[in-house]
Structure formats: C-alpha cells, structure tokens
Amino acid sequence: MPPTAILTVASKARRTLTLTIAAALGAGVMVAIPSAVSAAETTLGAAAAQSGRYFGAAIAAGRLGDSTYVNILNREFNSVTAENEMKWDATEPSRGSFNYTNGDRIANHAIARGMKIRGHALLWHAQMPGWAQSLSGSTLRSAAINHVTQVATHYRGKIHSWDVVNEAFADGTSGGRRDSSLQRTGNDWIEAAFRAARAADPGAKLCYNDYNTDGINAKSTGIYNMVRDFKSRGVPIDCVGFQSHLTNSVPGDYQANLQRFADLGVDVQITELDISGSNQANVYATVTRACLNVARCTGITVWGIRDSDSWRTGQNPLLFDAAGNKKAAYTSVLNALNAATPNPSPTPTVTPPPGGPCRVGYTLNAWNNGFTSAITVTNTGSSAINGWSLVFTLPSGQSITGGWNATYSPASGQVTARNVSYNGSIPAGGSVEIGFQATHTGNTAAPSAFTLNGSTCSRA
Ligand code: G3I
C-alpha cells in the first residue's frame, strides 16, 4: 500500500500517525512511512466501537454515588452488566413480588448515556432467593419460567443480550450438566428458559454464560454440543458468554474455542473478564486480540472497574487501580483495540433462505441535520405474524425524534420498533409501513441489519 493510501485509511479511522523518514525509493527520493500508530481512540468504548464492538463493565448500583467510579464508567465504557442487581434473589425476593429498584438504577444510568445493557442473569443455581431454594420439581420449574418471563418483560426493549442461563454445566471431565435443583426439574429446563425469554423480549440476544470454558475442554465441548443441538432444533439461542476469569495465562486455543462456537451460528461475547498475575497486561492483550479476530465476537465486558471493586479481593485483576488510575493492562487493551481493522459491523449478516421470515425495505430522505426513514416490513413466511418487534441499530449520531405506525425505543443505538394496536398482525405475504423522523450529525447510513421477532430479515 503506498504511503498516501495508508494515510487515507488511517485518517478515516481518525488515527494520529507518527511518521519517520525511513526509506529511499529510486533515485534517492526520501518518503515517509509510518513506523508507529498511536491510539486512534482514547477510551475503551470508542476504541472497541471502531470495529463495531462494545466494551463494557460489570457495575454495582451501590457504587453509582462514587464520583471516581462513575467518571471512569461514563468515560470508558459503552456497555454495562449489573453485577448482582438483576439476579433472581435481587429481583424476586419473595415469590411473585418483584423488586427492580437497583436493576433499574443501573439500566437508567446506561440508557441515559446510550450504553448497551447486558442482562445478568435470569436463571442460575446460585443467588436463588431462599423461597426458590426450598422448591423443587414442577413447582420450581413453573416459578423459574415465570421469573424469566416477568424479568425479561420488565426490561423488554432495553437489554442488548440476556444471560438467560448461567453456569449450568459441571466442571471436570464429564461434559455434562451440573447437578442443581433446576437441573432436577428436567434436562429441558434450559431450553424452556430460552423459549420463555424469547417470547418475553424478542429483541434481546439470548446467551448461555459459563466459566472454565475458555479453551477447548470437556466443559466447553458439552456446552458446544448443547448449542449445536439447540440450533438444529430451533431452540432460540443467539450467543454464548465466556466469563474468562483468568489467572496469569489464557489457554492457547482460546481464539479457536470462540471461533468454533461462532461457526455454529451464534455470537460470542467475553462476559466477565478479569485476569490476575504478573503477566496481566499481556494476557489482557491476547484475550482482546482473540475477540477482535473472531468476527462474531461482538464485545468484551470486564467484571468490575477498579481493583478495589473486584469480587477477587486482593488479586487486583482489573484495568484500573484502587485510586482509579489506568494500569498497564488498560493500555495494552486500548492499544489492541486500536490496532483492529476498522469495521463498524463485524457480525456477518445472516441471509435467510428464500421464503425466510421477513424482508425489510428502508428508504431515507436526509437534509442538513435531519432525515425521515420509511420502512416496509414484509412477512415472507407462510403464517401470520401476531405481534412484532423490529430491532435495528442506528449509526452513531442518529437519534429518533418522532415516528409513525410503531413505537420506537430507545431513540438511538439499538432501537426496537414495536407494533401499535392496529398493525400487530401481518398476514403471510402481507406488509406494514412504518417510519420515523430523526436528527443526525453527518452520518446518514442505513442500519446494517433488521431483526423481526428475533429473525434476521433480508433486504428489499
Ligand atoms: O449486599 C450484601 C451486603 O448487604 C452484606 O453486608 C454483604 C455481607 O457479605 O453481602 C452483600 O452481598 C454480597 C454481594 O456480592 C454484593 O457485594 C454477597 O454476599 C456476595 O455473595 C455477592 O457476591 C457476588 C457473587 O457473584 C455471588 O455469587 C459478587 O459480587 C459477583 O461479582 C459474583 O459474580 C459472579 C457472576 O454473577 C457469575 N459468574 C461468576 C461471578 C464471580 O463469582
């Protein structure tokens, strides 16, 4: 690539180049070539966004009054996970009585700042409320499914990805399920949970999340087999979370493991990253690069902000020290993110087979700082759709100010358009027309993909 081309590419990515006079071509002509590329972006979230990924942190509602903590959160991260506040014991402390106070504090903080939200976790054998711990069999099953339905409904339209089921596989060599009261309700408890979550929030990606799955081992292979089975039987699963609680090293087949799951047709996400040990900065960079090298690895979440916020007391496994200073691990992650090939949409668009579930036409009329978009949604399936949600991500700088024939929420980022009372039913072969007005800051690109009730639509 000639130097001018390098400069063009780099400036598109808003990179600052450090140039050195380094080579002579032909008859002693000196040319400048780049010897180093300094950080294109100066925060984790912005650096990850260059390749269409998010960079998130697990946060605690109780720390939202700590200004050092909140300043780092707001500056660096564009996704959050509630560390404890959306778990079963927090959200349903007594049966049928739901408490979203602290989960909502986190969700509202994120929504107000355009951050994505990872929902964690609908069902998990740990942190079950006492009343659920005392249940078993069909009583526990129905309480668990009701919990999924209620919580996913409460947060419908706000959650980017839900950890529907957390840590259901056994450690060790069995590759099988962990024994738990949930598992004893029947082996199909996981798929029942995923189906309930899909029905409650069709716009959220539904993930299975676990630890000690960072390389190709018996546990990760057991999960791999479950995901392959779910995909083959149409059980709704969209993503697998790899917690990645690591100590000083990462398995050599970490990236290959992510890739084999991605090849099943699910997204992969690094969901609870923290790394202890003296090799911390290098391992953080290796993990970050592995995600960047897998097209369907859509984002990374670290499990806390400062070392003093970590559940791993005394191990200092995070990117900021107790005083909020950036550590060497921070710099290595930022540099790795900035070295990624710019690509605002890493997830390959899935082209549904002919006669697939939906087709979307999108036209846009723009002026200086505004535009209107008209969207035609066609049901290309063989049966009527009753009740629909269309999910798409607006390019950065675009924000919806009003719309027609659907409700739109939130106004920017990943938007869910929901039917209104008079157009919820789309007969087979039928269409609905919806649209919205929006502002923009120069980028009038169309969303790269549309999902109707969880299925990717083809484009008209
Ligand atoms: O809020 C109470 C507080 O009122 C009380 O005084 C104190 C006394 O111990 O406990 C506080 O609750 C603790 C809670 O964290 C909030 O700090 C719980 O005891 C403690 O068990 C809980 O630990 C959480 C742990 O999950 C529970 O298993 C950690 O914060 C949280 O980081 C951790 O997260 C898990 C993921 O959900 C799943 N993957 C593993 C990961 C690490 O264990």
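As the structure lists them, so they are numbered: ligands from 1, and atoms in each ligand from 1.
- Inside a 4.0 Å radius of atom 1 (O) of ligand 1 there is not any protein heavy atom.
- Inside a 4.0 Å radius of atom 6 (O) of ligand 1 there is not any protein heavy atom.
- The closest side-chain heavy-atom distance from Tyr54 to Thr301 is below 4.5 Å.
- Below 3.5 Å of separation, one finds an N or O of Glu167 facing an N or O of ligand 1.
- Geometrically, Arg260 engages Tyr224 in a cation-pi contact defined by less than 6.0 Å to the ring centre and at most 45° from the axis.
- A salt bridge does not link Asp263 to Arg228: none of the charged nitrogens lies less than 4.0 Å from a carboxylate oxygen.
- Checked against the 6.0 Å centroid criterion, the rings of Tyr208 and Phe194 do not qualify as a close aromatic pair.
- Contact annotation for atom 39 (N) of ligand 1: protein present (non-hydrogen atoms, distance under 4.0 Å).
- Using the six-membered ring where Trp is involved, Phe450 and Phe392 have ring planes that are tilted, between 30° and 60° apart.
- Less than 6.0 angstrom separates the ring centroid of Tyr100 from the ring centroid of Tyr155.
- Less than 4.0 angstrom separates atom 19 (O) of ligand 1 from none of the non-hydrogen atoms of the protein.
- Remark: minimum distance from atom 32 (O) of ligand 1 to any protein heavy atom is reached at Glu83 OE2, 2.4 Å.
- Protein heavy atom in closest approach to atom 25 (C) of ligand 1: Gln127 OE1, 3.8 Å.
- Interface atoms of ligand 1 facing Asn166, defined by a heavy-atom separation under 4.0 Å, are 38 (C).
- By the 30° and 60° cut-offs, the orientation of the rings of Trp124 relative to His120 is tilted.
- In this structure, Lys219 satisfies the cation-pi test against Tyr211, with its NZ or CZ atom closer than 6.0 Å to the six-membered ring centre and inside 45 degrees of the ring normal.
- Contact annotation for atom 28 (O) of ligand 1: protein present (non-hydrogen atoms, distance under 4.0 Å).
- Looking at atom 41 (C) of ligand 1, its nearest protein heavy atom turns out to be Glu272 OE1, 3.3 Å.
- You'll find the side chain of Leu246 stays beyond 4.5 Å of the side chain of Tyr284, heavy atoms only.
- Protein heavy atom at the shortest distance from atom 17 (O) of ligand 1 is Asn84 ND2, 4.4 Å.
- Closest to atom 26 (O) of ligand 1 among all protein heavy atoms lies Lys87 NZ, 3.2 Å.
- Considering backbone and side-chain N/O of Trp303, one or more are found under 3.5 Å from N/O of ligand 1.
- Of the candidates Gln269, Arg118, Lys116, Ser161 forms a side chain to side chain donor-acceptor pair (under 3.5 Å) with just one, namely Gln269.
- Considering each of Trp124, Trp311, Tyr211, the one bringing a non-hydrogen atom nearest atom 35 (C) of ligand 1 is Trp124.
- The main-chain N or O of Cys358 is found under 3.5 Å from a side-chain atom of Thr380 such that the two form a donor-acceptor pair.
- Ligand 1 places these atoms under 4.0 Å from at least one heavy atom of Gln243: 39 (N), 40 (C).
- Nearest non-hydrogen protein atom to atom 36 (C) of ligand 1 is His120 NE2, 3.4 Å.
- The protein does not reach atom 12 (O) of ligand 1 closely, with no heavy atom under 4.0 angstrom from it.
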